[in-house]
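Reading through the structure tokens given below for one structure.
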Amino acid sequence: MVPRIARLDSRALIRVTGPDARPFLHNLLTQDVETLAPGQLRFGALLSPPGRLLFDLFLLGLEDGVLLDVAADRREALLQRLAMYRLRAQVAVEADDGAVFAAWDGAVEGFIPDPRTPLLGGRRYGEGVEINAAEDDWQAHRLAVGVPDPTADAPSDKTYPIEADFDLLNGVDFQKGCFVGQETTSRMKRRGAIKNRMLPIAFDGPAPAFGAEVLNGELRAGEVLSGRDGAAMALVRLDRIDGALTVDGRAVTVRRPEWTGLQT
């Protein structure tokens, strides 16, 4: 099988450099930045103080700092948020014009394995990459793997990272110490009482509308998020995903990808 490579125009880059770049980001993000080696890629987020998702991001270690891979339509908002937190830190935070690429269906030289799950393939930053697929092909692959896209599936400041499976996708380092929103995130994980998670659903025909109600009989079992023909993500109640589920009268099935550990 020939590996597929796509340019992800929905993503953009921010470069954070300077003597305080790593401690500055380390104290803000859900991921350990202090131990991030040059060339290493990690997945994380910036949360609100109450612990809800504001920005999902990838962190690439650089010799002089960190490259952040963020949603293109949220880059300016993240630049403003980082500037608010910067205070007296010796850091430079600026937009980077490099491109974001994804490769899947086989290893490609120069691509770093996706830190969420190897099933997703790899990512690369910069230019000079020959593409043979569209971003929509990549999104179809991601959905087939069953991994949510926080930018599309989690409206800003509405969703907790554990609901978006960050704890299952290596998006939170629970050993690193403080980060913005840590108290709520750590408490949810420590108590183990996770009621809702994003999981893929399968059905016949076009995707239901975003926010459409998933029903288990007459009981609400969740809501549909982003999707396409035959597949979508949904935020579902884990105690109501077994049985005959419907959306707008259509039968749907909740998938439990192996990476979730939720197989029955």
Side-chain angles (χ1 to χ4, degrees), residues 10 30 43 45 47-56 71 73-74 116-117 119-120 136 139-172 174 181 183-264:
S10 65
T30 61
F43 177 58
L47 309 180
S48 66
R52 293 185 178 89
L53 273 170
L54 294 179
F55 305 92
D56 69 284
D73 62 359
R74 307 228 63 220
R116 295 171 292 180
T117 168
L119 297 172
L120 286 172
D136 188 62
Q139 298 295 354
H141 172 69
R142 174 191 58 77
L143 192 54
V145 175
V147 172
D149 175 2
T151 301
D153 296 321
S156 182
D157 206 12
K158 299 293 185 182
T159 306
Y160 293 106
I162 288 179
E163 293 179 328
D165 304 328
F166 272 67
D167 57 323
L168 305 179
L169 294 166
N170 304 309
V172 181
F174 291 97
E183 183 177 353
T184 302
T185 306
S186 297
R187 185 170 63 247
M188 289 180 69
K189 188 66 172 179
R190 186 172 61 250
R191 290 180 176 177
I194 301 167
K195 297 180 179 180
N196 305 297
R197 279 198 182 276
M198 290 184 185
L199 291 174
I201 58 174
F203 44 83
D204 291 329
F210 191 100
E213 193 172 49
V214 181
L215 294 177
N216 185 330
E218 296 183 355
L219 298 175
R220 178 181 170 87
E223 63 178 304
V224 178
L225 305 173
S226 67
R228 58 199 303 122
D229 286 358
M233 295 302 302
L235 180 63
V236 293
R237 280 188 52 159
L238 296 180
D239 62 346
R240 293 182 179 174
I241 59 176
D242 294 313
L245 303 181
T246 60
V247 176
D248 297 333
R250 281 192 287 164
V252 301
T253 302
V254 174
R255 292 174 44 218
R256 299 172 175 85
E258 185 175 351
W259 58 262
T260 66
L262 297 176
Q263 293 77 22
T264 56

Note to self: Rounded to the nearest 0.5 Å, what separates atom CZ in R116 from atom CZ in F43?
What the structure shows: 5.5 Å
Next item on the list: Please report the closest heavy-atom contact between P148 and L169, naming both atoms and the distance.
Entry: CD-CD1, 4.2 Å
Next item on the list: Applying side-chain contact (heavy atoms from CB on, under 4.5 Å), run through R237 and L219 and close with a yes or a no.
Entry: CA-CA 10 Å; R237 280 188 52 159; L219 298 175; over 6 Å; no
Check: In this structure, which one of D153, L119, L120 forms a side-chain contact (heavy atoms from CB on, under 4.5 Å) with V147?
Finding: L120
Next item on the list: Compare every heavy atom of S48 with every heavy atom of D157, then report the nearest pair and how far apart it is.
Entry: OD1-OG, 3.1 Å
Checklist line | Heavy-atom pair of closest approach, residues G146 and P257 | finding: CA-CG, 4.1 Å
Next item on the list: Report the C-alpha distance between D167 and I194 in whole Å, list the side-chain angles of each, state the deciding distance to 0.1 Å, and finish with yes or no for side-chain contact (heavy atoms from CB on, under 4.5 Å).
Entry: CA-CA 11 Å; D167 57 323; I194 301 167; 4.1 Å; yes
Item checked: Residues that L168 engages under side-chain contact (heavy atoms from CB on, under 4.5 Å), provided they are two or more places apart -> D165, R197, W259, T260
Notebook entry, point to check: Hey, what do you get for OG1 (T151) to CG (D56), rounding to the nearest 0.5 Å?
Noted result: 3.5 Å
Next item on the list: Could you tell me the separation between the CZ atom of R142 and the CG atom of D149, rounded to the nearest 0.5 Å?
Entry: 4.5 Å
Check: Is there a side-chain contact between F166 and L53, using heavy atoms and a 4.5 Å cut-off?
Finding: yes
Check: Does some side-chain heavy atom of L47 sit less than 4.5 Å from a side-chain heavy atom of P161?
Finding: yes
Notebook entry, point to check: Can you check whether T30 reaches T185 side chain to side chain, under 4.5 Å on heavy atoms?
Noted result: no
Validation: residues 198-218 side-chain donor-acceptor distances under 3.5 Å, sequence neighbours left out:
unit_1: E213; atom_1: OE2; unit_2: R220; atom_2: NH1; d: 3.1
unit_1: N216; atom_1: ND2; unit_2: R240; atom_2: O; d: 2.9
unit_1: N216; atom_1: ND2; unit_2: D242; atom_2: O; d: 2.8

Check: Minimum heavy-atom separation for D136 to R228, with atom names?
Finding: OD2-NH2, 2.8 Å
Note to self: In the structure I gave you, are the side-chain heavy atoms of S10 and Q139 within less than 4.5 Å of one another anywhere?
What the structure shows: yes
Item checked: From CD1 (I162) to CE (M188), nearest 0.5 Å -> 5.0 Å
